Colleague: 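Pasting a structure below so you can have a look.
Values reported hereafter were calculated over all heavy atoms of this structure, with side chains retained and with hydrogens, waters and symmetry mates removed. This one's a predicted model, so the numbers in the text were calculated from it and none came from an experiment. Each chain gets a letter, A, B and so on, in the order its sequence line appears, and its residues count up from 1.
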Amino acid sequence: MPFIELSNVDLIYGTASQDAASQTLAVSSATLAIEHGEFLAIVGPSGCGKSTLLKLISGLVQPSRGTVTVDGKKVVQPLKTVGMAFQNATLLPWRNIRDNVMLPLEIVEPYRSRQKIDRDKHRQAADVLLEKVGLAGFGDRMPWQLSGGMQQRAQLCRALIHEPSILLLDEPFAALDTFTREELWAVLQDLWSFRKCTVILVTHELREAVYLAQTVHVMSARPGRILKSSVIDIPRPRTLESTFEPGFVDLVHDLRHHIGLGKQQ
Amino acid sequence: MPFIELSNVDLIYGTASQDAASQTLAVSSATLAIEHGEFLAIVGPSGCGKSTLLKLISGLVQPSRGTVTVDGKKVVQPLKTVGMAFQNATLLPWRNIRDNVMLPLEIVEPYRSRQKIDRDKHRQAADVLLEKVGLAGFGDRMPWQLSGGMQQRAQLCRALIHEPSILLLDEPFAALDTFTREELWAVLQDLWSFRKCTVILVTHELREAVYLAQTVHVMSARPGRILKSSVIDIPRPRTLESTFEPGFVDLVHDLRHHIGLGKQQ
Amino acid sequence: MRKLQERLAPWVLTLALIAAWWLLIYLFDIKSFILPTPWETLQAIYKFRYPLFLHGMSTLATTLIGFVAAVVFGLALGILVGSSRLAYSGVYPLLIGFNSVPKAALVPVFVIWFGAGTIPAVCTAFMLSFFPVVANVATAFATIEPELFEVMRSLGATRWDITRKIGIPRSLPFFFASLKIAVTLAFVGSVIAEIVAGNNGIGNVMLVASSNFNVPLVFAALVVVGVLGVGMYAIFDFFERRMTAWSIRGGDALVQTIGG
Amino acid sequence: MRKLQERLAPWVLTLALIAAWWLLIYLFDIKSFILPTPWETLQAIYKFRYPLFLHGMSTLATTLIGFVAAVVFGLALGILVGSSRLAYSGVYPLLIGFNSVPKAALVPVFVIWFGAGTIPAVCTAFMLSFFPVVANVATAFATIEPELFEVMRSLGATRWDITRKIGIPRSLPFFFASLKIAVTLAFVGSVIAEIVAGNNGIGNVMLVASSNFNVPLVFAALVVVGVLGVGMYAIFDFFERRMTAWSIRGGDALVQTIGG
Amino acid sequence: QTKVRFTLDWIPGATHGAFLIALQKGYYKAEGLDVTMDRGKGSAEVVRQLAAGVYDMGFPDINTVMDFDSRNPDAAFPVVMIGYEEAPAAIVTLKSSGITEPKQLNGKKLGSAPNDSTFKLFPIFARKTGIDAASVEFQTIDPALREVLLVQKKVDAIPGQIFNALLELKAKGVPASDVRYFMYKDYGLLLYANSVAASSRFLKEHPDSVRGFLRATLKGLKDMARDPELAVDAAVAFEPLLNPDIERERLKVALECCILTETVRKKGFGDIDRERLETNITEIAEAYNLPRRPKLEEIFDAAYLPDEKERLIETVLPAQRFKKSE
Ligand SMILES: Nc1ncnc2c1ncn2[C@@H]1O[C@H](COP(=O)(O)OP(=O)(O)OP(=O)(O)O)[C@@H](O)[C@H]1O
Ligand SMILES: Nc1ncnc2c1ncn2[C@@H]1O[C@H](COP(=O)(O)OP(=O)(O)OP(=O)(O)O)[C@@H](O)[C@H]1O
Ligand SMILES: Cc1ncc(C[n+]2csc(CCO)c2C)c(N)n1
Ligand SMILES: [Mg+2]
Ligand SMILES: [Mg+2]
């Protein structure tokens, strides 16, 4: 039995009491099985329901039809074991960057109970992560003092710090330049192979999807369905050089083609 | 004399009264000359000062040293003739999408004075633009009912609707999938060649920069300086096919190389 | 289902409160010259329905005039105080000082200037109620996200444009909150002024009633003011639901979490 | 430069106000039994500095107890009302009804329950001042951006976590605004209660002074309450500047636009 | 030591000299009483507080007690000693108004708080003087403001306690010679006024304490009668915010008009004339539209009064009856 399973999930935004016109069918009969420790990428046209899918898996949103199960249990409330990076960097404006990154440690066990004792250790962990994403020295800044890309990186740290077993990343690198982005690919790949957590990555960069993921799922235009799932069998560890190899480029082109098909529908 | 000119512009964030440690030199001796009707792209590593540069040109931020002149006049307050798409979609949460798009028409002359009379015309203009970016039918939705990419497209419409003579676009396509993005490239190129406005585009997608711009400026890591300016002499109208031609790919690689250099400093 | 629950909630709660009131009297054997029973109060409302109605209308009119003036003035001053640090640091302490003073003490001064009657009551209602509007509008304006300003400034908007298109809409939820505070204070103000120097109004009824040891009528008068207040609230609520729906799209987000 | 201006502003404005007060008396030849001059008031403050100090402290203590209780209660009720639609629609109308009623009318009831002394005044201060806190905290909680909730919910945070780490910090600017409103009302409440039924405090001073035709002393007492209010404001301001700086990073954004 | 919670009728002043002197000189202590003395919140409130047991004893207007007792027979309590043998009630006008006799108040405007006891008695006064009460216009106004309105000529006359009204007017720059007033008592309305009362529970549980209290108060009264300045000093000592000059003047008027009256000097302090009180009860019951006419025994209980000998006052005051103003 798969670790995460979506069976025939529909999601309709807008309450039942509203008129049908203002309701939106965002995700339609999505079916997906994700193994423990899998690295998954989801691609699809803008507005097709990718972010919604992540929210369904994390339990932030309850399906209108069908069920989501994680680890054999039906998801009826937000999971406690996910790390989530949202599409818009939602840093808390009243905390500095370091305190923002440390937020999960104040909520999630076992860190929470050891908060007082491990205060310094936690600070160090945050600073180490910040350095990894190129934000060394920005821990004391407030969120609005950071550029868009820097905020996004800080948010990534927040999603990672409590070492969640499921990592849900919604276009985590969208605001980054190519170099920073590729550096973070490596960081993420290392992390995943080391920790063996389950990662679901939403992205628009097909190279990113192919570089990082074991499976890439293509979603159709709204209402989003899974159109196609490609298994990426490029050996690991993948390097930037791999991305220029013909096999890689072919895979990217193939995905591109399918997204194009999905969009036209 | 160039239309827009930055000479030796520094920008320091943080007020003079603050201690030096919390001040940030975001842009350092930036010098740039932009001709009327030019299409310019700016690329550079995350946090290097690209957004700040756009704010300097629009007059939203005043340089700490050096001067910005537009059309021969020193910029000391926000210009009235720009259309700006911010990095984060800043739609007004209390207005629906159409009203958000129509906001500039309520502020900028000559539309402002004709607001009452031209109400229907303005609504139509907004709907036409929304349709162009693939948001037909979403005019009555509220911003939070749109996906990230959809919000960004709506913001683009808001930057365009009053036909500004200067268009400042801060990663306007970052949240879009490849297909939507490429469609919008074409839309933007058409618009520019038709209206001959001056466009400054900040982007991380080098293909996007090369595809659209006449000149691409590469900025160094913070404090941002202009490292290199490449003139792109690919003939127009450029098509998606052009992006696969060797000349195009070489230009992209060259830019990549320079960003890499800038980042390492 | 939910909707119905929400509709019923205030009535249920009111009934519960009345029951508690009754129980209190029953348990502690409270004399009616201290606290009348709900039933006695209701009888007084019925018996004196005609004067209560007339005086209630008079109080309502007085209150509304003072309240509207307070809202207009409060909005203007709030925008000023919220938009300029200098105005904030200059005006705020004075406002606090002024508002800490019981306005009842100033009613006589107004009576001496304007004579007894409606004007002092209107002034009192005004003085008591403008400050919450100032405080909330000022805070709302001072905390507007700079990003929203930038959108407007990049279009070359005037100060007034920004106030109208960003400041006011963004402040609306807290403006409405301040209206609710202000209207209760306006009622208190006009009733107090009527007690000190009025020939009309609920305050006058209370005074006459208490001078006759007619405690049920005093409470009947209090109930009438309370009902007038709730009536005003219903009006605000109507507009608030329409004008600030965008701000409460979160709805029961906190409750949803655990399912309260 | 700016800083100095900001520091001076309240003093300059106070002086201007005093000048206006004087001018008013001079121009309209107002008798001192109606409105004393600032100088007479100052003399009264000096002459009665000792009783004014003692009674001022008594009023301050009463006010503070009532105020602190109001803040704690208001915060709790505000969180409840702001977090649940059902509580909102059930409790709000009742709160409005209750607050429209002049609390002065209830003071005698408290005296009869709790005896003469401080408790009725504390109750009055409490009753008068808790509602602004409820209204603002409720509105702040009801308008929290769902995105912030989602951050917490995705971590499996409890309702209390969310309240503590999102709700309260985000409400702080409006919580402080409500504190300012509430503290002025707490002062008004305790002084009124002291006038109606107190043996101590500034309200008592005012009553004795007016029965002795000592109008300057009445105004001296008013000035003392005003100064106490401003003192409380200074304390809030200190904390507000530290705790809500994040929310006013926009600073003078609106003024910058045109350069006010 | 028995605890006695005592409430005055209003703000402490020299007119409360008897109580304050007794308190400060330890007369109460000598009777085994531990007295706490609070300012009053008006007669109506004093009555309610006595009925509710917030205070054990107090100094309300006997007419207010009648009112309350009639409406609340279950909570009724009696007066045990008369304080003001004559009510200070008067209608006050300015001479410039040209009103020389009560009848001329017809069609004029009267300013008063509706709960003012003098005002509430106005209908009886009107009947006795031939005023057509229905033709008199009323302006509701706080007691603190009525003199101001009179000076401003916004009202033509005000009801009030004579010693307060004269002083209020003087403070507003109107000398006594410009004031004309009609004392109720000069028109056959011979009311008693503020008096010592005790809650029914206290009477039942501590009858001897009540007696002791009255004895000690009488001692204080005698001191005051001998030397009114003692009362002024006691008042200022009790409430430092008072102005001794004003207190002195107020006391002088009060002693003459209302406290050390002819009757008191002849028959002693604190008791009633049965016939006179019966008449009062009838008049009040009618004027106040009371639900029932209380019996005299409900209103006044002489059982706690000291002997008549003890109640006789020696006074240095000129035996001059407080005269009608001309
Ligand atoms: N809160 C909401 N209420 C109503 N409709 C919504 C809401 N959120 C999203 N939608 C709608 O659901 C659809 C899917 O949204 P979603 O955010 O999942 O898209 P997405 O695939 O993440 O798009 P993008 O790539 O642009 O971020 C969109 O059409 C959007 O309009
Ligand atoms: N309001 C501010 N206060 C202080 N520092 C700021 C502020 N805004 C930006 N900065 C700093 O200025 C630098 C440049 O920021 P800017 O937003 O211009 O970068 P950018 O090139 O747009 O980056 P990105 O590609 O990530 O959006 C960053 O280091 C940032 O920390
Ligand atoms: C605030 C306030 N002011 C005046 C009175 C009226 N009042 C009641 S008793 C009394 C004096 C003689 O007993 C007066 C003037 C009041 N009740 N409350
Ligand atoms: Mg999305
Ligand atoms: Mg940027």
Colleague: Where does D/Met243 contact chain A at under 4.5 Å (heavy atoms): side chain, backbone, both or neither?
Modeller: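 Nothing of D/Met243, per the 4.5 Å heavy-atom cut-off to chain A.
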
Colleague: So do the side chains of D/Trp246 and A/Pro143 get within less than 4.5 Å of each other, counting heavy atoms only?
Modeller: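 Side chain of D/Trp246 against side chain of A/Pro143, heavy atoms only: no contact under 4.5 Å found.
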
Colleague: Check D/Gly156 against A/Lys80 and note the closest heavy-atom contact, atom names and distance.
Modeller: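 In this case the closest contact between D/Gly156 and A/Lys80 is O-NZ, 3.6 Å.
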
Colleague: Decide if atom CD of A/Glu131 counts as having more than 12 heavy atoms of other residues, nucleotides or ligands within a radius under 6.0 Å.
Modeller: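 No, the 6.0 Å shell around CD holds no more than 12 heavy atoms from other groups.
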
Colleague: Please enumerate all residues that pass salt bridge (charged side-chain N to carboxylate O under 4.0 Å, His left out) together with D/Glu240, with sequence neighbours excluded.
Modeller: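 With neighbours one apart ignored, the set is D/Lys180.
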
Colleague: In terms of heavy-atom pairs under 4.5 Å with chain D, which of A/Gln155, A/Met142, A/Arg158 leads?
Modeller: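 Most heavy-atom pairs under 4.5 Å with chain D: A/Arg158.
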
Colleague: Could you pull out every donor-acceptor pair under 3.5 Å between side chains of residues 72-82 of chain D and any protein atom, sequence neighbours left out?
Modeller:
none

Colleague: Please output the residues of residues 165-178 of chain D in contact with chain A, using a heavy-atom cutoff of under 4.5 Å, in numerical order.
Modeller: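 Listed by number: D/Lys165, D/Ile166, D/Pro169, D/Arg170.
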
Colleague: Using a 3.5 Å cut-off and no angle test, enumerate the donor-acceptor pairs between side-chain atoms of residues 60-74 of chain A and protein atoms at least two apart in sequence or in another chain.
Modeller:
{"unit_1": "A/Gln62", "atom_1": "NE2", "unit_2": "A/Gly59", "atom_2": "O", "d": "3.1"}
{"unit_1": "A/Gln62", "atom_1": "NE2", "unit_2": "A/Val76", "atom_2": "O", "d": "3.0"}
{"unit_1": "A/Ser64", "atom_1": "OG", "unit_2": "A/Ile12", "atom_2": "N", "d": "2.8"}
{"unit_1": "A/Arg65", "atom_1": "NE", "unit_2": "A/Asp10", "atom_2": "OD2", "d": "2.9"}
{"unit_1": "A/Arg65", "atom_1": "NH2", "unit_2": "A/Asp10", "atom_2": "OD2", "d": "2.9"}
{"unit_1": "A/Thr67", "atom_1": "OG1", "unit_2": "A/Ser7", "atom_2": "OG", "d": "3.3"}

Colleague: More than 12 non-hydrogen atoms from neighbouring residues, nucleotides or ligands closer than 6.0 Å to CZ on A/Arg112, yes or no?
Modeller: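 Yes.
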
Colleague: In Å, rounded to the nearest 0.5 Å, how long is the span from OG of A/Ser58 to CZ of D/Arg153?
Modeller: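 One finds 8.5 Å between OG of A/Ser58 and CZ of D/Arg153.
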
Colleague: Which heavy atom of D/Leu155 sits nearest to which heavy atom of A/Ile107, and what is that distance?
Modeller: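 Smallest heavy-atom distance, with atoms named: O-CG2, 3.8 Å.
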
Colleague: Please look at A/Thr90 and chain D and tell me whether the side chain, the backbone, both or neither of the residue comes under 4.5 angstrom of a heavy atom of that chain.
Modeller: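 Contact with chain D is through both the backbone and side chain of A/Thr90.
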
Colleague: Passes side chain to side chain contact (heavy atoms under 4.5 Å, CB included), A/Glu106 versus D/Asp161? Steps please.
Modeller: CA-CA 9 Å; A/Glu106 299 169 19; D/Asp161 284 336; over 6 Å; no

Colleague: Less than 4.5 Å apart, side chain to side chain, heavy atoms only: is that true for D/Glu150 and A/Met84?
Modeller: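 Not in contact.
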
